[in-house]
Amino acid sequence: MHTGSQPARTPLAVLALVAAVAALLLGGAGTASAHSGLTGSDPADGSVLASPPPYVTLTFTETVGLSEDSVRVLSPDNERVNPRPAQHADGRGNTGRVALADGLAQGTYTVAWRVVSADGHPISGAFVFSVGKPSETAAEVPDTAAGDTAAGRLHGVFRHAAYSGLALLVGAAAFVLLCWPGAGALRPVRRLLAAGWAALAVSTAALLLLRGPYETGGPLTAAFDPALLGRTATGKAGGALVVRLLLLGATAVLMLRLRRRPAGRAGEPDGRAEEWSPGRRVRWAAAGLAACLALTWAAAEHAAAGIQVPLAVPASVLHLLAMGVWLGGLVTLASLLGSRGTAGPAVPARAVGRFSALAFAAVAALSGTGLYQSWRQVGSWEALTTTSFGRILLVKSAAVILMLWAASFSRRLAARVLDPAGAAGATGADDGAEGVREPALAAVGTAAAGPAPAAGAPGSGAEDGPPATPGEAEGCGQRRRLRRTVAAEAALGVLVLTVTTVLTGTQPGRAAVKSAEAAAARGPQVRVVTVPFDTGTAGHRGTVQITLSPGRVGENSVEAVVFTEDGGLAAVPEIRLALTQTDLDIGPIDAKLTDRKGYWAAYDLRLPVPGEWTAAVTVRTGDIDQATVRAPVAVTGRPK
C-alpha cells in the first residue's frame, strides 16, 4: 500500500500537523493556577468608606477572562452603578476593574462578579461595601455555583458525551489499524466508528453553542446569540472547539476512504480471513488526527493552566489517547465477542493477542501520566482528603483499580485461549509457524453467526454442531468467560469516564489550597472585639463591641456599640478609642469616634503597620462614671 519515500515523510507531516494545532491552541497560553480564586478587592468586603470610590478592583490568583457582565456593582435599590464593562487594571491579567458612576448615595453596595479561569471554567462570587454608613437594604445576588445553571448542566452532559465519543472513535480505530484490519469491514465495528464520530461531532457543536451562556451565566436562549457565539469562537476554549470540528471533518474524510478498502475473504481453511493492511501512511494519518483531537482538550482545560504546562499538555494528550485505546478498544472487542446475526469472519485469536498487548501498553501510559497529573493537580497528600478534587480522584483511582483487576482476568483467559495446547485440544489444528491457533476464537466471534457450519469446521461452536468434545467444551467455557470479563471491563470503563468528566470540572486540589491560603493571608474582612466594662456604679456595667473594617493596613472604619448587662442597646454620653502598637512604639492613635445616634463611628482611621495592636476603649456612662478597658486587635498587611 505504500511505495517510494512517502511513508518516511508521513511521520514528518503528522508531526507538522500536531505542531500547527498546538501552536494555534497554545499560542496565547501562559502559566497559571487552574481554577482561579479571589485574593482581594478594593474596596474590601464589608468595608465602610467615608466617600464613594472611583473604581472597584478585584484581584485573582491567576489570569482571568472578562465579559461585559463580569463585574456588576449594584446599589441598595438593586440598580447597576457601573456604566461600563470590566477591564484588566493596569494591563494585569489577574485583575478586573470597573469605574463607578458619580454621586453615589450613602448605603451598602453589592459587587457581583463572574469570570473565567485560565482552564476554561467560570467562577463567581459577591461581596459588599458601604459608603457613609451601612444601609438596611442591599441588592440580592443568587447564591449558586458558577456552573449551576441550565446551560452549565447541559454543558456537563455534552462534555461527558464528547469524552465518550473520543474514546469510542480512538479505540475502535486503534483496534482496526493495529489489531485486526479485517474488522473494519464488519458492521458492528463500522457502527462503533460512526457512533464515536457522531457523538464527538454533535457534542462538540453543542459545547460551542453552550459555551457562551456557560461562561456568562446567561439563559439557554443566549446560545443562539450571534454576537456571543462570535466572542466564544475567538476565545481560548471556543477556539479549541472550532479546531476540533475541523479535525473531525478531516477524520470523516479518512474514514470514508478506509470504508472503501477491501477487507478480504472469509472462510479460509485455517479460519483466517485475507486482510487488507492499512499501511504506514494511513496509520500515521490516523495517529496524527487522534493526537490533534486530544490536544483540543489538553490545550483548553487543566493541563494548559498551572505548573509545568509544556510537560503537562503532552502528558494529557497521551493520557487521553491511552484512555481511548483501552476503553474504546474494550468496547469494540466486547461488541465483536457478543454480537449475533451478522455474517462475517470470526475474531482471530491473534487479534485478541494484539489487543491484549496494546491494552497493556495503554494501561502503562495511563498509570504514568495519571500519577504525574495527580501530583501536579493535587499537590499534597493532605489535599487528597481535604479537597473535592482529591476525593473525586480517589473514587476514580478505585474504579481504575477495579478495572485493572477485571483486566487481569481477561489477560489470563486470553492467554489460555491463545495457548497452543489449549487450541489444539479445542480444534485439533496447529498453526505451526506462528504458534497461534486462529480457530481457537472462531466461536467467540460472534460476528460470524449466520448459518451453522459443518461439524468440525472452523468457526463451529458447541451450540452450532454435534456434541462437543471435553476439549471443545472447555474452550467454549473459556471463551464465554473472556466475553464476560471484557464486558465487565467495558462497564467499569464507562464509570471511569463519568468520574473523569466530573473531575475535569472540579477545581484542582493545588489551586483550592492556594485559594484558601490567599483567603487566610488577607484575613477576615471585619474584626469584631467585644470587651466587658464596669464603672463601679450599680447599673453602669455591660459590654462594648468594636467593629474594625477591613482590619488591614491603611484606611479603616470603626463602629462602637454599647450593650447593657441583659444584652440590650445602651446610649452613652461618650466613647473614646485609641490604638497602640507597643512593639514598634506607635500610638496611641485616636480614632476620633463621633456620635451617630445609637452608635459611635469613624470612617477614616488609618493604621500604618500590620501586627497586634492594643485597643483602649473608654466608656463614659454618666457625668463622672467611666471605665477604660483594653483588648488586642490583629491588623493584617495589604493583600498582594
Side-chain angles (χ1 to χ4, degrees), residues 43-50 106-108 127-138 520 522-637:
D45 184 15
S47 61
V48 180
L49 309 178
Q106 286 191 345
T108 299
F127 63 91
V128 298
F129 69 92
S130 300
V131 176
K133 64 177 181 179
S135 58
E136 295 182 358
T137 61
R522 69 176 185 264
Q525 299 297 311
V526 177
R527 310 280 183 179
V528 179
V529 178
T530 302
V531 191
F533 69 90
D534 186 353
T535 64
T537 304
H540 289 249
R541 63 173 63 92
T543 57
V544 57
Q545 177 180 290
I546 304 295
T547 302
L548 183 68
S549 174
R552 291 201 299 259
V553 170
E555 189 173 274
N556 288 262
S557 62
V558 185
E559 294 179 350
V561 181
V562 176
F563 297 94
T564 61
E565 282 185 285
D566 58 4
L569 287 174
V572 296
E574 184 181 19
I575 299 178
R576 297 192 301 273
L577 171 66
L579 290 101
T580 305
Q581 226 291 345
T582 306
D583 294 340
L584 300 177
D585 195 23
I586 298 175
I589 298 175
D590 188 358
K592 299 179 180 179
L593 301 179
T594 59
D595 188 2
R596 301 283 175 160
K597 297 181 180 181
Y599 66 99
W600 292 71
Y603 299 113
D604 56 357
L605 173 63
R606 300 193 66 85
L607 299 176
V609 295
E612 185 174 289
W613 290 68
T614 299
V617 186
T618 300
V619 181
R620 185 164 64 86
T621 59
D623 292 338
I624 59 173
D625 297 321
Q626 69 176 35
T628 299
V629 292
R630 291 174 173 80
V633 177
V635 176
T636 60

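Remember, predicted model here, so these are calculated numbers, not experimental data.
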Would you mind reporting whether [Y] and [X] have side-chain heavy atoms less than 4.5 Å apart?
| X | Y | value |
| --- | --- | --- |
| Asp590 | Leu605 | no |
| Val572 | Trp600 | yes |
| Gln626 | Thr618 | yes |
| Phe533 | Val562 | yes |
| Ile589 | Pro608 | yes |
| Ile586 | Thr580 | no |
| Leu584 | Val609 | yes |
| Ile546 | Val531 | no |

What's the shortest heavy-atom distance between [X] and [Y], and which atoms?
| X | Y | result |
| --- | --- | --- |
| Ala631 | Val529 | CB-CG1, 3.6 Å |
| Ala615 | Val633 | CB-CG2, 3.8 Å |
| Ala601 | Glu559 | CB-CG, 4.0 Å |
| Ala44 | Phe129 | O-CB, 3.9 Å |
| Pro588 | Ala578 | CB-CB, 3.9 Å |

Can a donor-acceptor pair be found between the side chains of Thr543 and Thr530 at a distance below 3.5 Å?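 There is no such pair between these side chains.
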Is there a donor-acceptor pair under 3.5 Å between the side chain of Glu574 and the backbone N or O of Arg576?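 No, because the side chain of Glu574 does not come within donor-acceptor range (under 3.5 Å) of the backbone of Arg576.
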Among Val544, Leu577, Thr628, side-chain contact (heavy atoms from CB on, under 4.5 Å) partner for Val619: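 Answer to the side-chain contact (heavy atoms from CB on, under 4.5 Å) test with Val619 among Val544, Leu577, Thr628: Val544.
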